[in-house]
Each structure stands twice: as structure tokens, then as C-alpha cells.
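Everything below concerns the one structure shown next.
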Amino acid sequence: MLTHLSISNIVLIEKLNLEFGAGLNILTGETGAGKSILMDALSLALGARFDAGLVRHGCATASVTAEFDAVSQRLGDMLTENGIEIDDTLILRRTLGCDGKSRAWVNDTPVSIKTLKQIGDNLVEIHGQFANHALLDPATHLNALDSFGIRISPDYAQLLERVRTTYNEYHTAQRRLDDLKKNLEKTANEHDFLIHNINELQALNVHVGEEDELATKRTSMMNAEKDAAILSDAVAALNPHGESLSHGIYNAANILLRIKTDPNPYAEQIDDLYSAAQIISDAEEKLVPIEPDIATLDSIEERLFAIRAAARKHRVSADELPEKLQQMLSELDAIENSDAELKKLTTDVSHKKSEFDKFAHELSNARTATAQQLRTQILAELPDLKLGSADFMASRTDAAPSAHGIDDVVFMIKTNPGMPFAPLHRAASGGELARFMLALRVILTDGGPAHTFVFDEIDTGISGATASAVGSRLNRLATTSQALVITHSAQVAGFADKHFKISKHTVNDTTVTDVFEIHNTDRVNEIARIISGAEITPESLATARTLIKND
């Protein structure tokens, strides 16, 4: 529901802050006062195209902000997809430049004008001289008919769910069958190559972790030979003449032990000499030449090469080769047992399609019956709206199977006897279309989440009882949804829950449009002005009081 509308520097509007309420919000005013400008401003906040001429003369920028207090589940999903934070209120803001450029925000998050329009279309539906955002689009008619069906039949929603469920099951089974056929066609052509690869991997018989094991063993063998050479170099460096250095050190230590001074001043050094002698003795003992195991090393390197080559060939890691083998074995098994699997899936698809067809045809029949009931209720509304010669039908045609069934639905009307039916958006215009859309909306509105409807020029060419009928239906619509109505009809204005007067005045050679809510005497005077014109008479005042239903 639209709660606030703020406008700055749009044509004749210098600065305006309006607070709308639930129910029926009526806007009235003299011709030329700026009612259309108000609708232009609201449309801009909802993502309509922008004309630089709408920026007030002498101003560099203009802005419009529309605030709403209800977000449907569908709109909430859209906001989330666009990274917009969902709050208790939804604020659409747009700034406009005299250079023709504009920017938009939703809850202070910058958005494209396209996104702004998508969000606006889910909040407000405008009828009249502006483009309609919902029922004029045939793509919405099937859902509108189904929503009506759910209201009038307790089994309709269950039938819709069965169609959706059985279609999804059928579609999933069909996709599995198609995938199998495609895979079989592909793998059948590669049967021999597949067997060759399987034989290669089975012969190689790689186990997980083997590559690391072989690499570690190879490195260890290569390091052992290098370590022996390093040890030899160390001993040679200690004893360059090739004599037993360790024996000489032992002898020197034993000699030093014979020193008589107590304590022996060389006691600690003697221990170090014994340790050094032991190290050198061990090294001398290990100076046996190490013959590298060339055959084993070659074998390890050859297997490493084979494993890594296989991994590169199949574009996996070495540890994934066993899994790759199992995958190819499964593919081979699928080929060699394809007839049984193909038969099984084909039977499954046939069964699920039969289930879907059954419920889809039941839904088609239900839609045909629902369309007739919708036609009956719509036609009952038309005479009072001065559309007694018009006719309506919800035309059902066959469509490709989907989760919605096998139907296309288009709302068709004819405005005069003898004329053919035509799609809704092509068969009426202006106030006639607005009244027809009002009848549709009164019947189709289901009391769901609050929505805002705007009607402009809905009273064109009508008066008296017809205008009263329009007001009554607007009032009915506004019991579950907010309605904003610009009207020249006193009868329509009398049904207002909130009444706003649009006026124009000139200050210092500058024309400004103002809008303000009116109550009590001011409201009576405004309705009397609509009845009698500039000169308000006692008779028009008396009539105005009888027309006011809410105040």
C-alpha cells in the first residue's frame, strides 16, 4: 500500500508531501489544476520513462519518493535477488536532471530504471490514460483465472498442485531418458576405445597414494648414494693422509690420563677426544662403497612415469585413477546393459506422462467451467457501468505442456453487439477501458496482500447512476486493496475514505500546484463545486451532503 508520496520540482509542483491511507483515496480539482502531473510523478517513482520537460522550469533537478508499507512474497524474492534489504517499509526514490538523466534507489540501494519498473509493477497498477501494469498483459490472464478458480472451488488449488507435481515428475523422467539416450549414443561410438582405456588402467592397477610412495622411495635411494659420498669426504678432510685418525686420538687421550695433577686439568677435553674418536671410528667403518640399485631405481622411475602419463591422459590426479577406472566400468556396463535401462526409463516416462495428462485435462475442464463463471459475474457488473452492450470471455486454447498445464488463457471483450471478440488491450480505450478493468478487478481481487490500484479518467462520459455505480465498485475494491482515483464525478468522490483537493495558484508570476487533504465542510464544498461549477448553490451543497458516504 502506498503510504507517502513526496514530489519536488516536477512541472507545476514545487514541493509536495502526501500521506495516503488504506481504502479509497479520491483526488479532485478543477481542469488544469495538475492532476495529470501528480500521476506523472507517481509513474516516475515506479520506473516510467522520463522526459526532461517534466523538471520544473529553472531547476536543475527534480525528485520523487514513494513509500509503501507491504511487501508480497514475490516482491520480497525480487528484492533479495537484487541485493536490496527488506525492511518494514519499501522506499522508491528517483532523481531527475534537466539534462535528461535520472537515477533510482530502492531502500537506499542504487538500482537500474529497469529494476525500479519491475518492482513498481508489483506494487501499483495504473488504469486509464496510463499503461496498465497487469491485466492488459495476456501473460497474466492464466494466473488471474486460476486465482478466481481457487476462490470459488475448494478443489481447484489441489488440482493445480497435482498438475505442477506430475509435470515436474514427468519432466524429470523425460530429462533422464534424454540424457541416457544422448550418453548411449556418445559412448556407443567410443565402445572400443573405452575398453582399451579400461584394460590399460586395470593393467596399471594404481592404488591411492602410490605416486607419493614411489616418489618418496625414489628420493630415498638417490639420497643414500649421495650421503655415502659426503661421509667419505668428511673422513678424508679429518685424515688427509689416510691413517687411522681415531686410533691416534685414542692413544693421545690415554696418554693425557696419566697426568698426575689432581684434578687432571685435561679431564673434560679427554672426554671430548673419546667422543670425537668414536665418531671418526664409526665413519671409517661405514666407508664401505655403496653400489646403487640401478635396476630398482629404474623400475620405480618407469612406474612413476606410467602413472603420471595415465593421469595426464585422463585429466585427473594420480590418486583419482582408480575412481576413473570405476567410472569407465560403469559407462561400459551402461552400454552393455542399455536395453534394460532404456526400457525401464521409457516405461517410467510413459507412466508419468499419463498421470500428468490426466490431471492436465481435468484442469482444462475446470478452467473452462471457471471461465464461464467469471464471464457470468463480469457481465453482471457491466450494465451499471454503462457497458451493457459489452461482452467478455476468457478464451482457452491448447498450449505446450508445462507446470501450469496445457492451456493458454486470454481475456477477450467486445464493446458492441455484432463485433468480434478481441484481446482486452485492443478492444477498448480511455474511460471505457478503465471501467471495464474496474469490473474485472472487483471480481478478481481475492483479498490477498494489499495492492495499490490507480484509476484515472474512469468517469469519462458518465454521470448519475453510472457514476454512482463506479463509485460503489471502487469502494468494494478498496475494502481489500488500496485505490487512488482521480475523478470529476461528485458521486465517485462521495465514496472517499480520504479526499484530496488539487488546486493551482500563482505567486510572483510563478504557477504552483498544491494538493491537500480536505474534511467536513471543505469536502462538502468541493463536491458541491463539482456539481454546480464555480458558483456553489444551496442546492448543490445539499446534494453534496447526500453523496458523502464516509467522513
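Only heavy atoms go into these numbers, but all of them, side chains included; no hydrogens, no water, no symmetry mates.
A salt bridge links Asp357 with Lys353: the distance from a Lys NZ or Arg NE/NH1/NH2 to an Asp or Glu carboxylate oxygen falls below 4.0 Å. Between Glu30 and Lys504 no salt bridge is recorded (no basic side-chain N to carboxylate O distance below 4.0 Å). A salt bridge does not link Glu355 with Lys358: every distance from a Lys NZ or Arg NE/NH1/NH2 to an Asp or Glu carboxylate oxygen is 4.0 Å or more. A salt bridge is absent between Lys386 and Asp384; no separation between the charged side-chain nitrogens and carboxylate oxygens falls under 4.0 Å. A salt bridge links Glu381 with Arg476: at least one charged nitrogen is closer than 4.0 Å to a carboxylate oxygen.
Considering all non-hydrogen atoms of both residues, Leu385 and Thr466 come closest at C-CG2, 3.6 Å. Nearest heavy-atom pair, Ile7 versus Ala41, reported as atom, atom and distance to 0.1 Å: CD1-CB, 3.5 Å. The minimum heavy-atom distance linking Ile86 with Gly76 is given by the pair CD1-O, 3.5 Å. In terms of heavy atoms, Ala490 sits closest to Ile530 at N-CG2, 3.6 Å. Pairing each heavy atom of Glu526 with each of Gly29, the nearest pair is OE2-N, 3.7 Å. Residues Val492 and Ala467 come closest through the heavy atom pair CG2-O, 3.5 Å.
Below 30°, between 30° and 60°, or above 60°: for Tyr170 and Tyr167 the angle between ring planes is above 60°, a perpendicular geometry. Note: His141 and Phe411 have parallel aromatic rings, judged against thresholds of 30 and 60 degrees for the angle between ring planes.
Residues Gln118 and Asn122 bring no donor and acceptor atom of their side chains to less than 3.5 Å of each other. Judged by distance alone, the side chains of Thr3 and Asp69 never bring a donor and an acceptor atom under 3.5 Å apart. Between the side chains of Ser503 and Asp514, no donor-acceptor pair of N or O atoms lies under 3.5 Å. In this structure, a donor-acceptor pair under 3.5 Å is absent between the side chains of Thr543 and Thr546. Under 3.5 Å, the side chains of His505 and Thr511 contain no donor-acceptor pair of N or O atoms. Defined by atom type and a distance below 3.5 Å, a donor-acceptor pair is missing between the side-chain atoms of Glu169 and Thr165. The closest side-chain donor-acceptor pair between Ser317 and Glu320 falls under 3.5 angstrom. No hydrogens or angles considered: a donor-acceptor pair under 3.5 Å links the side chains of Thr537 and Ser540.
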Given Thr115 and Ser112, is the side chain to side chain donor-acceptor pair (under 3.5 Å) satisfied, shown in steps?
-> CA-CA 5 Å; Thr115 299; Ser112 67; 3.0 Å; yes
Please lay out, stage by stage, how Phe20 and Phe500 fare under the test ring pair (Phe, Tyr, Trp, His ring centres under 6.0 Å).
-> CA-CA 9 Å; Phe20 295 103; Phe500 298 87; 5.1 Å; yes
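Listed for the Asn82 side chain is no donor-acceptor partner under 3.5 Å among the backbone atoms of Ile84. Under a 3.5 Å cut-off, the side chain of Asp391 and the backbone N or O of Lys414 do not form any donor-acceptor pair. The closest donor-acceptor contact from the side chain of Gln482 to the backbone of Gly21 lies under 3.5 Å. In this structure a side-chain-to-backbone donor-acceptor pair under 3.5 Å is missing from Ser350 to Thr346.
Looking at Ile10 and Val55, their side chains never come closer than 4.5 Å, going by heavy atoms from C-beta outward. Residues Leu42 and Leu5 meet the side-chain proximity criterion, which asks for heavy atoms closer than 4.5 Å. Residues Leu474 and Thr487 are not in side-chain contact: their nearest non-hydrogen atoms beyond the backbone lie 4.5 Å or more apart.
Aromatic pair Phe359/His361: ring centres not closer than 6.0 Å.
Just one of Thr95, Ile113, Thr61, Val64 meets the side-chain contact (heavy atoms from CB on, under 4.5 Å) condition when paired with Ser102; it is Ile113.
Interatomic distance, CG of Leu160 versus NE2 of His404, reported as 9.5 Å (0.5 Å rounding).
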